[in-house]
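Quick note on labels: first sequence line is chain A, next is B, and so on, each numbered from 1.
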Amino acid sequence: MNLRIANGLLVDPVAGTERKADLFVAGETIASVGAAPAGFTAERTIDANGLVVCPGLVDLSARLREPGFEYRATLESEMAAAVAGGITRLACPPDTEPPLDEPGLVEMLKRRAASLRLARVHPIGALTQGLRGERLTEMAELTEAGCVAFSQDDRPFADLTILWRALQYATTYGFPVWLRPEDPGLARGGVAHDGEVATRLGLAGIPALAETISLAAILLLVRETGARVHLSRLSTADGVEMVRKARAEGMAVTCDVSAHHIHLSEMDIGYFDAHCRLSPPLRSLRDREALVRGLVDGTIDAICSDHTPVDEDGKELPFGEAEPGATGLELLLPLALKWGAEAKMPLAQVLARVTSQPARVLEVPEPTLGPGAAADLCLFDRDAWWRVEPASLKSQGKNTPFTGYELQGRVHTTLVGGRIVFEA
Amino acid sequence: MQRNPQLNERGELQHLLSIEGLPAAVLLQILDTARSFMSVSEREIKKVPLLRGKSVFNLFFEPSTRTRTTFEIAAKRLSADVLNLNIATSSQTKGESLIDTVANLAAMHADMFVVRHASSGAPYLIARHLSPEIHVVNAGDGRHAHPTQALLDVFTIRHYKGEFTGLKVAIVGDVLHSRVARSEIHALTTLGVPEVRVVGPRTLIPTQVEKLGVKVFHDMASGLRDVDVIMMLRLQNERMNGALLPSAQEYFKAYGLTEERLAVAAKDAIVMHPGPMNRGVEIDSAVADGTQSVILPQVTFGIAVRMAVMAILAGNG
C-alpha cells in the first residue's frame, strides 16, 4: 500500500534530527521524505499533525510466555501489546517451557509469530540444554532456525568452566552471548535488594555483590575469549562503573537496563507491594541514579521492557513468595520519555535508546527514516497523558508497579513493513 | 507511598501489623489500656465482656504454642469466642491459596484474625483482602514484625523503669532473623528511648540497621556498658552451625549473657527474653533465673497487652 504520513514531527535517532515533514511509504519501505516520489499516489493519508513519527521501538527483553505458559499470556495477546506500545521488533528470552534449546521449538515460535503479522520476533536461544547450565546447545542449528543470540536467562551455570566453554564455543562461530550478571550463590533465597528496605521489612536480601562478582567474572572471561557479550539488565551503581571502565579499556561489551530500574527503587516496595518484586531486584536510590547517568553518558546502550506477564495468582502472595516480574511492553515508550524529560535529553537521543541502539545490539539494519529503510514506524502523541490501569493494557499481564501512574506519551499508529498493525 | 494500612481514616488503629509508623500516642494508649486490664487476671472471675459475641480466629501458618496460647487466653478473658486454626497442617497443603483460605474464614463471620505466617508481609496481604470491619493482629510474620511482643516488652520496661526517656537499651543476638528485634527497635525509638543498641556478630546484624536509629556493637563489654535494659534474642537452632556461626559454644563464649557480662550494665538493669530460651546458648541459667531477670513477668504482662490490643481494635469499629 502507498501511504502518506502527513505533517508529523519526524525524529530520526540515527541522524539525530527532528523536522516536520511528510513521509511516504511505498510497499514495505520508506519511499521519500518531504516531497512525494514521482508518480506517487497515496492510497491512504494518515494525519500526523501533532504526532512524533519515529522508527518502531526495539525491545531486547520481552517474555511472550510461549511455549509453556499460555495461561499467563499468549503470543496473540503479547504481540498485540507490543505493537500497541509502538514496538516493531523484539527479542524473547529462552525461558519458556520447554526452553528454546531445540531448533524445532524456535522454528515453531518464529512461524507462529510470523503468522500473526505483527512485530518481528527474534528468539534468543538457550545457551545450555534445558537451561540447566551443564551442556551446550546446538548453537549453529539454533542460529539456522532463527536464534540471534544465546542466553542462560536467569538460570545459573553449574560452574564457571561451563560459562567459559560456552563463550569459547559461541565465539568460534561468532554468535553473541547475552548474560545477566548474578552470582547464584550470593542471590540464593534473596527477594529484595540487601539494603535499608529489606532490613526494615525483614526480607531476605540480594546484595549488590551478587551482580558485581558475576560481572567481574564475565568481563575477565570476555577478555580471555574475545566473546561478543551483551549484558542484560544491569541493576547496580558498581556494575555500571565496571562496564564504563571495561569499555574505556576497549572491550566491546554492550548492556541494557530495564525501564523499571531507571524509575523505581527499593523504596517503592512500600508496604510489601509484590508488583515491585522484580529480578534483578529494585535497588537503592544511589543505584538508580547511577543507572540513569549510565544511560545518559552512553555506558548503557538500551532500555528494555523486561516484559514478564505474571497472573494474579502469582502476585497475590506475600512479597517473598510472589513471582518476580512486571508487564512492560506498553510502558516502554512512556517510561523512556519520562526518563528523557527528567534527564533533559533531546528526543532523538531518548528514542535512540529504544530504537537504533538496541537494533545495533541485535545486529539488524539500523532503523532510520531515510528512503529505502524498512517502514517499521511508530507514531505517537508525546504530550498525551494517560493513566495506567489494568484495563488500559492489552497484555494479559496486568502486573505493574505503575498502576495508577499518569504517564505521558501515547502510541497512535504502528507500522511494520509498511502495514498498519496498530491504530489507537 | 500508600496510606499506612493499619490506621483508619480517623488515624485510629484498624489493624496491628507493625509498630513502625504508629504514633507514640497509639502505643501509649495500648500500654495504658493494658495496665487497666492487669487486675482482670487477678480476679476470681477473670473475664470482662468487651468482646462478648465476637469471634477471634487464631490463624497460625507457622507452629507456635506460647504466642497462640496467650492470644487465646487474652481473647477469652475479653469473652470472645476463639477458634484455633493450624493452617500449616490443613488447607495450605492441599494447594488452597492464602487469599482463598482467608476469604473462606471471613465468610464464617470472623471479627478478628490473629495471624502468624513464615513470610514477611503476609498479614498485610490478608488485611488488604478483608472488609474493613474485620481486624488483623500480626502475631509474627517472617523476619518482619512481632508487634505484640514488642508492646509487652515496652510495657515491662515501663513497669520497672517508669519513663522511657533517659534509658539505654541493648538488644542482643540474632537481629538479622528477628522479627522481635525489628518491632522492639521501632517501639523503643517511637517512645523516646534515646539510646537503642544492637549487639551481635557481623553475620547476624542486618545491612544498614543503623538507619532504624540504633547503634551497632560487636562485643558485649562495650555493648552492655551502662545499659538499663538488656533484651536477649533467641538464637534459632538452624543458625548455630553453618556460614553464620560455627557453633553454639563459640556463640555463648562471645555473646552469651553471663553474670560477669551483666556486671558492666547499670546496677539495676533488667534482663528480658521473648522466650523460649536456649539456656547456655544465649543466656546463662544464673542470669535467666537471677534477681535482675523479668522474663516471667513478661509472659504475664503479655496477656494484658494482647487484651488491650484486641479491645482497642474492636472498639474502633
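For the atom pair OH (A:Y271) and CZ (B:R128), the distance works out to 12.5 Å, reported to the nearest 0.5 Å. Atom CG of B:D100 and atom CG of A:D313 lie 8.0 Å apart (nearest 0.5 Å). Interatomic distance, B:S18 OG to A:F272 CZ, rounded to the nearest 0.5 Å: 7.5 Å. Residue B:Q208 holds its CD atom at 6.0 Å from CD of A:E196, rounded to the nearest 0.5 Å. Here CG of A:L201 is found 15.0 Å from CZ of B:R179. Values are rounded to the nearest 0.5 Å. To the nearest 0.5 angstrom, B:S97 atom OG is 7.5 Å from A:L317 atom CG.
Contact annotation for B:H177: neither backbone nor side-chain heavy atoms come within less than 4.5 Å of a heavy atom of chain A. Contacts between B:E210 and chain A at a heavy-atom distance below 4.5 Å are absent for every atom of the residue. Residue A:A274 does not touch chain B at all, counting heavy-atom pairs closer than 4.5 Å. Within the 4.5 angstrom heavy-atom criterion, only side-chain atoms of B:R182, from C-beta onward, approach chain A.
Counting all heavy atoms, side chain and backbone alike, B:S120 lies closest to A:G202 at OG-O, 2.6 Å. Smallest separation of non-hydrogen atoms from A:E316 and B:L125: OE1-CD1, 3.4 Å. Contact between B:H117 and A:P318 at its shortest, heavy atoms only, is CE1-CG, 4.2 Å.
At least one side-chain heavy atom of A:R200 sits under 4.5 Å from a side-chain heavy atom of B:L212.
At distances below 3.5 Å, at least one donor-acceptor pair connects side-chain atoms of A:T199 with backbone N or O atoms of B:T207.
Within residues 386-401 of chain A, no residue has any heavy atom under 4.5 Å from a heavy atom of chain B.
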